[in-house]
**Student:** 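Before anything else, here's the structure in question.
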Amino acid sequence: RGLRGPVDIAALLLGLSEDATDAGKNVRYEGPAHVVLNCHAGAVRRALDNLVDNAVAYGNEAEVTLRELPTAIEIEVADRGLGIPQEQLDKVFAPFVRLEESRNRDGGGAGLGLAIAR
């Protein structure tokens, strides 16, 4: 699982955004150049990568915003997709739940991404 340590979240988000852009995806980062957080770098990276991938897959683009608040940080990953119906918001964060049933299991994932990200 890795050890907790200081991670520059801004640099991580900028790197994820640049990697996605280099892969032909429409991803933008907005926020400060440096924000350090004591966390598990690998776990945080996987969760954020999943959110960005979902935003691009279902909303064609991702806008990643990092905000520093007085006692916390806030990360927003927004897209232009249809969104998740209000009545399914709690359900979508449960493990193994996938709202788009038309996707084939071989290419669509197992429905763990949002549960892990949460």
Side-chain angles (χ1 to χ4, degrees):
R1 289 196 152 227
L3 301 174
R4 288 178 68 101
V7 176
D8 188 336
I9 295 295
L12 188 148
L13 289 170
L14 184 58
L16 284 175
S17 299
E18 289 173 350
D19 290 349
T21 299
D22 289 347
K25 299 174 183 175
N26 187 4
V27 179
R28 292 176 309 285
Y29 170 76
E30 182 178 317
H34 299 284
V35 174
V36 176
L37 178 69
N38 189 30
C39 63
H40 294 276
V44 170
R45 180 180 177 87
R46 281 189 303 278
L48 293 171
D49 192 36
N50 179 266
L51 292 173
V52 170
D53 282 350
N54 281 351
V56 172
Y58 300 109
N60 300 315
E61 63 183 55
E63 186 170 314
V64 181
T65 306
L66 173 62
R67 295 179 192 87
E68 273 188 285
L69 306 175
T71 60
I73 65 167
E74 180 179 84
I75 300 169
E76 177 182 358
V77 179
D79 62 46
R80 305 284 181 245
L82 296 174
I84 298 169
Q86 187 71 30
E87 66 275 4
Q88 293 186 335
L89 279 177
D90 285 333
K91 178 182 175 184
V92 77
F93 288 101
F96 305 109
V97 171
R98 296 174 44 209
L99 296 184
E100 188 186 8
E101 296 176 15
S102 65
R103 288 188 349 182
N104 140 353
R105 281 256 188 240
D106 293 333
L112 289 172
L114 290 178
I116 291 169
R118 185 176 236 184

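As the structure is a prediction and not an experimental result, all values here were calculated from the model. By convention here, the first residue in the shown sequence is residue 1.
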**Student:** Can you sort out the partners of V44 under side chain to side chain contact (heavy atoms under 4.5 Å, CB included), two or more places apart, ordered by chain and number?
**Tutor:** I9, C39, L48
**Student:** Go through the structure and list residues passing salt bridge (charged side-chain N to carboxylate O under 4.0 Å, His left out) with E61, not counting sequence neighbours.
**Tutor:** R28, R80
**Student:** How would you list, by chain and number, every residue that makes a salt bridge (charged side-chain N to carboxylate O under 4.0 Å, His left out) with D53, sequence neighbours excluded?
**Tutor:** K25
**Student:** Taking only residues two or more places apart in sequence or in another chain, which ones pass salt bridge (charged side-chain N to carboxylate O under 4.0 Å, His left out) with D19?
**Tutor:** R45
**Student:** Identify the two heavy atoms, one from A10 and one from A33, that lie closest to each other, and give their separation to 0.1 Å.
**Tutor:** CB-O, 3.4 Å
**Student:** Please name all residues satisfying side-chain hydrogen bond (donor to acceptor under 3.5 Å, both in side chains) with E76, sequence neighbours left out, ordered by chain then number.
**Tutor:** R67
**Student:** Would you mind telling me which of N26, L51, V27, D79 makes a side chain to side chain contact (heavy atoms under 4.5 Å, CB included) with V56?
**Tutor:** V27
**Student:** Which atoms form the tightest heavy-atom contact between A55 and A62, and what is the distance?
**Tutor:** CB-CB, 3.6 Å
**Student:** Can you tell if the side chain of L66 reaches within under 4.5 Å of the side chain of P32, non-hydrogen atoms only?
**Tutor:** yes
**Student:** Taking atom CD1 of I75 and atom CG of L37, what is their separation to the nearest 0.5 Å?
**Tutor:** 7.5 Å
**Student:** Hey, could you give me the NE2/CG distance between H40 and L3, rounded to the nearest 0.5 Å?
**Tutor:** 8.0 Å
**Student:** In chain order, what residues pass the side-chain hydrogen bond (donor to acceptor under 3.5 Å, both in side chains) check against D8, with sequence neighbours excluded?
**Tutor:** H34
**Student:** Taking all non-hydrogen atoms of both residues, which atom of P6 and which atom of N38 are closest, and how far apart?
**Tutor:** N-OD1, 3.7 Å
